Amino acid sequence: MKSLTTLRELGKTDLHALILAASGLRESLANGGPVRPTLGGLCVANVFFEPSTRTRLSFDLAAQRLGAHVITFNPETSSLTKGESIQDTLLTVGAIGADILVVRHHEEGTAQSAADWTGLPVVNAGDGANEHPTQALLDVVTLHRHFGPLDGLRMAVIGDVAHSRVAGSLVPAAGVLGMEVILVGPDSMLPRQPEVAKSTDLDEVLDRVDIVYLLRVQSERGGVAEEGYIERFRLDQARAARLADHTVVMHPGPMNRGVEITTEVAASPRSLIREQVRNGVPTRMAVFEELVGR
Ligand code: NCD
């Protein structure tokens with residue numbers, strides 16, 4: 001693997017290898033066990049043109065845990081404000097000495113362009129509404145650690161699916177891993193592809209899934225919670241009470257509490273939300289190791 005800009009090119013074997021590597025690293029981190037400095041001497045540049053909390057910080061820590069130098073680009077205080085282009089910005093970061101670029105941008109395809117322009121390995125940390133491969137990877141790592149084999153698990157992905165790059169990576173990866181996915185939301189938030197199972201009625205789906213995966217309304221990408229959205233799609237305690245005992249709740253963050261999920265449900269024992277964040281660092285470590293082949 002030269003870059004990770006999409007999960008759509010990874011088969012079941014590739015995904016499994018990354019899941020196992022991430023899980024192994026998670027154990028090493030938890031036990032305070034040795035982590036080999038496989039990125040020793042290399043420089044990882046975090047180049048985020050869009051806001052981020054967990055993704056940027058966990059890429060940063062993942063790189064540091066593997067012994068890399070980390071440099072962080074801040075768009076607000078950069079020469080972007082003087083009119084420098086994205087291409088020139090990325091070429092500059094490469095010329096400074098970055099060996100790996102982690103790129104987030106509001107336009108689809110920017111991570112791939114970054115790889116083409118610079119020739120460097122690039123990890124896509126989110127490109128517009130297209131993909132967010134490491135988020136989907138840490139999600140399947142979390143699921144694998146919770147359920148074991150993922151084959152046959154049924155997952156509802158709920159909310160603003162059409163504008164979600166998380167769904168853009170998670171839905172195809174879940175399919176490759178043998179899971180059944182149903183997309184749930186108002187018509188305006190469901191993608192057009194006819195081949196995916198869809199429903200506009202959350203209550204009809206709740207009692208037949210193993211995983212409830214909630215998404216934030218992506219207002220910065222044109223997503224609008226229409227009248228009645230909260231009543232129809234929020235996972236509150238009344239709805240959570242109808243889930244099977246084993247069903248888990250997930251969310252990539254940031255949560256808009258009270259909109260797609262209530263505080264009680266987010267904090268309930270069936271919530272894996274904190275676990276998803278914990279798995280972010282070892283998952284990104286596994287991706288870096290795969291890219292440098294060490
Ligand atoms: C997501 C993103 O930025 O795509 N967040 C994340 O990286 N965990 C989801 C979102 O913003 O809703």
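In each ligand, atom 1 is the first atom listed, and ligand 1 is the first ligand listed. The model shown is predicted, which means the values in this text are computed figures rather than measured ones.
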Need the ligand 1 atom indices (1-based, order shown) with element for anything under 4.0 Å from a heavy-atom of [X].
X: Q218; value: 10 (C), 11 (O), 12 (O)
X: R216; value: 10 (C), 11 (O), 12 (O)
X: Q135; value: 6 (C), 8 (N)
X: R104; value: 2 (C), 3 (O), 7 (O)

Exercise. Residues in side-chain hydrogen bond (donor to acceptor under 3.5 Å, both in side chains) with H16, at least two apart?
Worked result: none
For this session: Around atom 4 (O) of ligand 1, find the nearest protein heavy atom and jot down its residue, atom name and distance.
Result: R165 NE, 2.6 Å
For this session: Look at atom 5 (N) of ligand 1 and say which protein heavy atom is nearest, naming residue and atom and giving the distance to 0.1 Å.
Result: G253 O, 2.9 Å
Given 3.5 Å as the limit, does a donor-acceptor pair link the side chain of [X] with the main chain of [Y], or not?
X: H105; Y: D127; value: no
X: D160; Y: Q218; value: yes
X: S78; Y: P75; value: yes

For this session: Check whether the side chains of E131 and S169 place a donor and an acceptor atom closer than 3.5 Å, and report yes or no.
Result: yes
Consider every N or O of [X] and every N or O of ligand 1, then say whether any pair is closer than 3.5 Å.
X: P252; value: yes
X: P254; value: no
X: H132; value: yes

For this session: Please determine if R104 forms a cation-pi arrangement with F48, meaning its NZ or CZ atom is less than 6.0 Å from the six-membered ring centre and no more than 45° off the ring axis.
Result: no
For this session: Check salt bridge (Lys or Arg N to Asp or Glu O under 4.0 Å) between E76 and all other residues, then give those that pass, not counting sequence neighbours.
Result: none
